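These notes concern the structure reproduced below.
Remember, predicted model here, so these are calculated numbers, not experimental data.
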Amino acid sequence: MAWQGVIGLEVHAQLRTRSKIFCACPTTFGAAPNAHTCPVCLGHPGALPVLNERAVRLAVVAGLALDCAIATRSRFDRKNYFYPDLPKGYQITQVTAPLCTGGHLDVATAAGVVRGRIHHIHLEEDAGKSIHDASPAGTLVDLNRAGTPLIEIVGEPDLRSADDAVAWLRELRAILRHTGVCDGNMEEGSLRCDANVSVHRPNAPFGTRCEIKNLNSFRAVRDAIAHEIERQQAVIDAGGVVLQQTRLWDAERSRTLPMRSKEEAHDYRYFPEPDLLPLHVAPELVAELRAALPELPAARRARWSAAWGVPAAAAAVLCDEPVRADAFERALGAGPAADLAAAFALFVTGQVQAAHQRSARTDADVDAALPVLLDVCARWVQGRLTNKMLADVLQSAFGGDAALGAELERALAQVGAVVTDAGALAPTVDAVLAEHADQAARYRAGHTPVLGFFVGQVMRRLGGRGDAQAVQRLLQQRLDQ
Amino acid sequence: MIPMEYLSIDSVLHGPFQAPSQASTADRVAHVARLARIELRPEEAAMLGHDLDRILAYVEELRAVDTDAVEPMIHAGDRGLVLRQDVERDGLGAAMATAGAPATEGGAFVVPRVIG
């Protein structure tokens, strides 16, 4: 029987607060090194941490959105280790009594619904940033990120393939974004993922697991897990044993490398954080936050499907990002025609996304242009724009310098109207038929596929602006005369 | 997830030792000193070992008490944590933050090379 992968993800998500978790320094990304530091996040002796209320609320919201139990009493612990970007010499985290426990996240996959349970979610502070290769003087340390509020979401080993893991992480990100907990930006490190991977034969006990670190894109998550499952299978097939290790994903060479083994594993000497009292979360606050939970992406997709028939794949792409999903709903307005909503979803995730990816335009620019794009889509669906005209409009508008909405209006005006009138089409049709009398004879001799050739010729002369059906009708009429 | 043996006193009692019960006081002191990155002279190690033995003996004494029916106490005070509003304020700034550093570059602390 085949080997099966067993995967559990540990996800660090940066909470969307204005200030750090234990001090008032700003959390803005991209500031000059150490601009956002103070005695608390620099770890100066005597400085005391004061917990950010919003960080607690966001962590509770994450727990509620993932069906966790919220602890009315939790506490903080110190995790002790030495590294230059950890100025206090310990990280404040929650080990023994985390804020949220239990919970689960279901994702739809090709093989059906996969439930990935959640062991717990805890609050903790981020470390600073070490830059190893920028200076000959040594390692540079920037503590702007030190003290940034994080939640760590610890998943149970319930996932069975790299694709399941990516689907689970993608759904988790969509939920964290919809609830405003985290911006989900993996490039800036707002969302980071480690994967625990082992292999086993179905129904046999789990094998020894390796933890893979440094997975900072969906692609890295998929590739690293797939690679690690193969590596462990190969080790076992060759008669070896998998060692419990922490491994680092090397994206450039597509392989995982050992970082440290269990024997060298850090001994963190956890103990309760004496500078912080236990965290009490009032049941009233939990009830308030539960009542205020927004519609989650799964519910939103289901609503789109039921009300508008939006295909699942398009809905999933649009609901990845709540800002985009909101803009989509706003553009459609209160009562959209059901057929147009589905077509618009496919249009936005198809042609528009392709044009967007080839351009340098921002998401916000495209989101703002959705009402005009809806107009473009309607014209195309109704046959007032041909495929060629649509492609021209998108290419011209996305390539322009002004806001996309304005560029689309301009391109629509420029491309003009589709030519459907037989009288307007006749001169071109007749000219083409006259030029290709031999082909016309073939058609009349029964070789009807030649019609396609004629349609193509006419459309080319009309710059793609002819209505294909009208052209075909007129051609047939003339040829059958 | 955190292996339970790394929690609190268990780390000192068991550490990475093959047979925890047979770990000598000297082993335990050396283990903790390594984790804390401190260098101990032999007489210091002996003194700390003496203290550690007494502390561990006291802990053993506490362990003998049956606490099955007792709710674990997180903190001596029952008051909850006081929280602060999420309002940002300028910090010290890079110049003051790094004023006491032996070496800086472009506002960053320079430390001995960690890897590479």
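- Heavy atoms of A:K20 lying under 4.5 Å from chain B belong exclusively to its backbone.
- Closest approach of B:R37 and A:F82 over heavy atoms only: CG-CD1, 3.4 Å.
- Residues of residues 11-19 of chain A that come within less than 4.5 angstrom of chain B, heavy atom to heavy atom, are A:T17, A:R18, A:S19 in numerical order.
- For A:P84, the part sitting under 4.5 Å from any heavy atom of chain B is the side chain, from C-beta outward, and nothing else.
- For A:C38 against B:G91, the heavy-atom pair with the smallest separation is CB-CA, 4.4 Å.
- B:L83 has its side chain within reach of A:L279: a pair of non-hydrogen atoms, C-beta onward, lies under 4.5 Å apart.
- A 6.0 Å sphere centred on CG of A:D275 holds more than 12 heavy atoms belonging to other residues, nucleotides or ligands.
- When each of B:L81, B:D86, B:V87 is scored by its heavy-atom pairs under 4.5 Å with chain A, the top score falls to B:D86.
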- Query: Can A:N34 and B:L92 be said to form a side chain to side chain contact (heavy atoms under 4.5 Å, CB included), step by step?
  - Reply: CA-CA 9 Å; A:N34 294 309; B:L92 297 175; over 6 Å; no

Contacts under 3.5 angstrom, residues 95-111 of chain B side chains, donor-acceptor by atom type, not counting sequence neighbours:
unit_1, atom_1, unit_2, atom_2, d
B:T98, OG1, B:A94, O, 2.7
B:E105, OE1, A:S135, OG, 2.7
B:E105, OE2, A:S135, OG, 3.2

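- For A:I21, the part lying under 4.5 angstrom from a heavy atom of chain B is the backbone only.
- The candidate from A:L140, A:N52, A:V281 with the greatest count of non-hydrogen atom pairs under 4.5 Å with chain B is A:N52.
- With a 4.5 Å cut-off on non-hydrogen atoms, A:L51 touches chain B through its backbone and its side chain both.
- If you measure heavy-atom distances from A:C23 to chain B, the contacts under 4.5 Å come from the backbone alone.
- The greatest number of non-hydrogen atom pairs below 4.5 Å with chain B, out of A:A24, A:P26, A:G8, A:P149, is found for A:A24.
- Contact annotation for A:A137: both backbone and side-chain heavy atoms come within less than 4.5 Å of a heavy atom of chain B.
- Shown here is B:E43, whose CD atom has more than 12 heavy atoms of other residues, nucleotides or ligands within 6.0 Å.
- Looking at A:F76, the atoms closer than 4.5 Å to chain B (heavy atoms on both sides) all sit in the side chain, from C-beta outward.
- With A:R54 contributing its side chain and B:Q85 its backbone, the two residues share no donor-acceptor pair below 3.5 Å.
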